[in-house]
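Heavy-atom basis, side chains included; hydrogens, waters and symmetry copies ignored. Since the model is a prediction, treat every value here as computed from it, not as a measurement. We're numbering straight along the sequence, starting at 1.
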Amino acid sequence: MSETPDHTDAISSATQSPQSDRRSFLKKASLAGATGALALTGLLDAASAKTAARSLTSRDHDHDDYRDDDKELRHEDIEILVAAEIAEALAVTTYSNIINTAPFFGHLPNDDQGYLLAALQEEMSHYALEQSVTDKPSPFTSFFYPKNMFASAQTTLNTLVTLEDAFIAAYLVGVRNFSSTRLRVTAARIMGIESDHRTLARVLGPDVAAQDGGPIATITGAQGVAESVAPPNNNGYERTLCWTKIEQAVTALTPFVDITAAKAAGFDVSKSFAFEPFTPKLPNPLGDFISFKGC
């Protein structure tokens, strides 16, 4: 069954009882076995093979002063971009369902709600940009989540921070492995926004209302450690999760997209949540995408 997010309707009531879930979902991904991850990696390979080499110059008419830039994308570039599309589709689905279905959203202060609304637009903008490069949509259009996702504020914030941790690390793989300066700069620009989202997701913890199990004092992210939300910006440097290849990000995402891996990870497979793309409107035009040169 698929639940279709609605970005405008009132918040619906939850059907699941709130429970705290402090497990590391990325660690549990390793329990899902190799089958799902290999299938997803194979899908990335297929997407790469079907995507013709594309030139960035058609979307960026500035003179190319980057000497290491090729005109066409390489196979690994496309693999990273397709994985990023899946991650951004997952992010859009997560934020839209927090806004439209999570009971705690309506009890947050207005500025917190505004942050989540803006994050949704930003993630959709990232997806649209990446799709414009690959010329292919995400190969996955529905996602599974841990039990009590969206019903339990603790579970929602644990999962949200876990995903943002993973997105940061995945874009750092792009910074490391993309074949051109333009793509590396673009990956860094997106990674910075994902870092904003991680910090601001941690800001939400103390603002969760008592009726929703708040205030939340600790949130567990990708490393499986319950970390104090004070201060919410607790990183001096972004965490790489020691990922050096995009396949490591694929493994982490597999339980969210593959029902067998989701079952093995203890996710709720009784329903899936649909990715519903839309035309994004960023909060400020000064923060919009300008060019792959970044200027």
Original post:
So do the side chains of T244 and Q248 get within less than 4.5 Å of each other, counting heavy atoms only?
Top reply: yes
Original post:
Do V92 and P277 touch side chain to side chain, with heavy atoms closer than 4.5 Å?
Top reply: no
**OP:** Using the rule that two of Ile, Leu, Val, Met, Phe, Trp, Tyr join whenever any of their side-chain heavy atoms come within less than 4.5 Å, decide whether I246 and V133 are in one cluster.
**Re:** yes
**OP:** Report yes or no: do L183 and F289 belong to one cluster of Ile/Leu/Val/Met/Phe/Trp/Tyr joined by side chain heavy-atom distances under 4.5 Å?
**Re:** yes
Original post:
Would you say the side-chain atoms of D77 pair up with the backbone N or O of R74, donor to acceptor, closer than 3.5 Å?
Top reply: yes
Original post:
Is D212 reaching over with its side chain to a backbone N or O of G214, donor-acceptor style, under 3.5 angstrom?
Top reply: no
**OP:** Flag the pair S138 / Y127 as yes when at least one side-chain heavy-atom distance between them is below 4.5 Å, and no otherwise.
**Re:** yes
**OP:** Go through the side-chain N and O atoms of T94 and Y145 and say whether any donor and acceptor fall under 3.5 Å apart.
**Re:** yes
Subject >> For T93 against A274, the heavy-atom pair lying closest together >> reply: CG2-O, 3.6 Å
Original post:
Just wondering, do T186 and L129 contact through their side chains at under 4.5 Å, heavy atoms?
Top reply: yes
**OP:** Measure the CG-CD1 distance between D207 and I216 for me, rounded to the nearest 0.5 Å.
**Re:** 10.5 Å
Subject >> Same cluster (ILVMFWY, side-chain, under 4.5 Å), F278 and I86 >> reply: yes
**OP:** Measure the CG-NZ distance between D268 and K147 for me, rounded to the nearest 0.5 Å.
**Re:** 7.0 Å
**OP:** Considering non-hydrogen atoms only, spot the tightest contact between V250 and A83 and give its length.
**Re:** CG2-CB, 4.4 Å
Subject >> E85 side chain reached by T134 side chain, heavy atoms, under 4.5 Å >> reply: yes
Original post:
Closest heavy-atom contact between P206 and P215?
Top reply: O-CB, 3.4 Å
Subject >> Approximate separation, where rounding is to 0.5 Å, of L204 CG and I219 CD1 >> reply: 7.5 Å
**OP:** Look only at the side chain of T220 and the backbone of G224, and say whether a donor-acceptor pair between them is shorter than 3.5 Å.
**Re:** no
Subject >> Check against side chain to side chain donor-acceptor pair (under 3.5 Å), T181 and R184 >> reply: CA-CA 5 Å; T181 301; R184 290 194 291 270; 3.3 Å; yes
Original post:
Got a second to check how far N148's CG is from T156's OG1, nearest 0.5 Å?
Top reply: 9.0 Å
Original post:
Pairs in or reaching into residues 228-242: which pass salt bridge (charged side-chain N to carboxylate O under 4.0 Å, His left out), with residues at least two apart or in two chains?
Top reply: E227-R239
Original post:
Roughly how far apart are W243 CH2 and L172 CG, rounded to 0.5 Å?
Top reply: 10.5 Å
Original post:
Of all heavy-atom pairs between A84 and Y171, which one has the smallest distance, and what is that distance?
Top reply: CB-OH, 3.8 Å
Original post:
How close do V82 and P139 get, heavy atom to heavy atom, and via which atoms?
Top reply: CG1-CD, 4.0 Å
Subject >> Minimum side-chain heavy-atom gap V161-R202 below 4.5 Å >> reply: yes
**OP:** Check each of F144, F150, F256, F267 against F273 using the ring-ring contact (aromatic ring centres under 6.0 Å, His included) test, and report the only one that passes.
**Re:** F150
Just list the side-chain donor-acceptor pairs under 3.5 Å for residues 113-123, sequence neighbours left out, or say none.
| unit_1 | atom_1 | unit_2 | atom_2 | d |
| --- | --- | --- | --- | --- |
| Q113 | NE2 | F105 | O | 3.1 |
| Q113 | NE2 | L108 | O | 3.1 |
| Y115 | OH | Y95 | OH | 3.3 |
| Y115 | OH | H197 | O | 2.9 |
| Y115 | OH | A201 | N | 3.4 |
| Q121 | OE1 | K281 | N | 2.7 |
| E122 | OE1 | H197 | NE2 | 2.5 |
| E123 | OE1 | H126 | ND1 | 3.3 |
| E123 | OE2 | H197 | ND1 | 3.0 |

**OP:** Grab the two heavy atoms, one from G213 and one from V208, that are nearest each other, plus how far apart they are.
**Re:** C-CG1, 4.5 Å
Original post:
Out of curiosity, does V203 fall in the hydrophobic cluster containing F104 (side-chain heavy atoms, cut-off under 4.5 Å, transitive links)?
Top reply: yes
**OP:** Measure the CD1-NZ distance between I80 and K245 for me, rounded to the nearest 0.5 Å.
**Re:** 12.5 Å
Subject >> Pairwise side-chain contact, K136 with I78, heavy-atom cut-off 4.5 Å (strictly under) >> reply: no
Original post:
Is there any salt bridge (charged side-chain N to carboxylate O under 4.0 Å, His left out) pair reaching into residues 214-225, and which pairs are they, with sequence neighbours excluded?
Top reply: none
Subject >> Main-chain N/O of G221 paired to D165 side chain as donor or acceptor, under 3.5 Å >> reply: no
Original post:
In terms of hydrophobic clustering (I, L, V, M, F, W, Y; side-chain heavy atoms under 4.5 Å; direct or indirect links), are I259 and V257 co-clustered?
Top reply: yes
Original post:
Below 4.5 Å, heavy atoms only, C-beta onward: do R198 and N235 meet side chain to side chain?
Top reply: yes
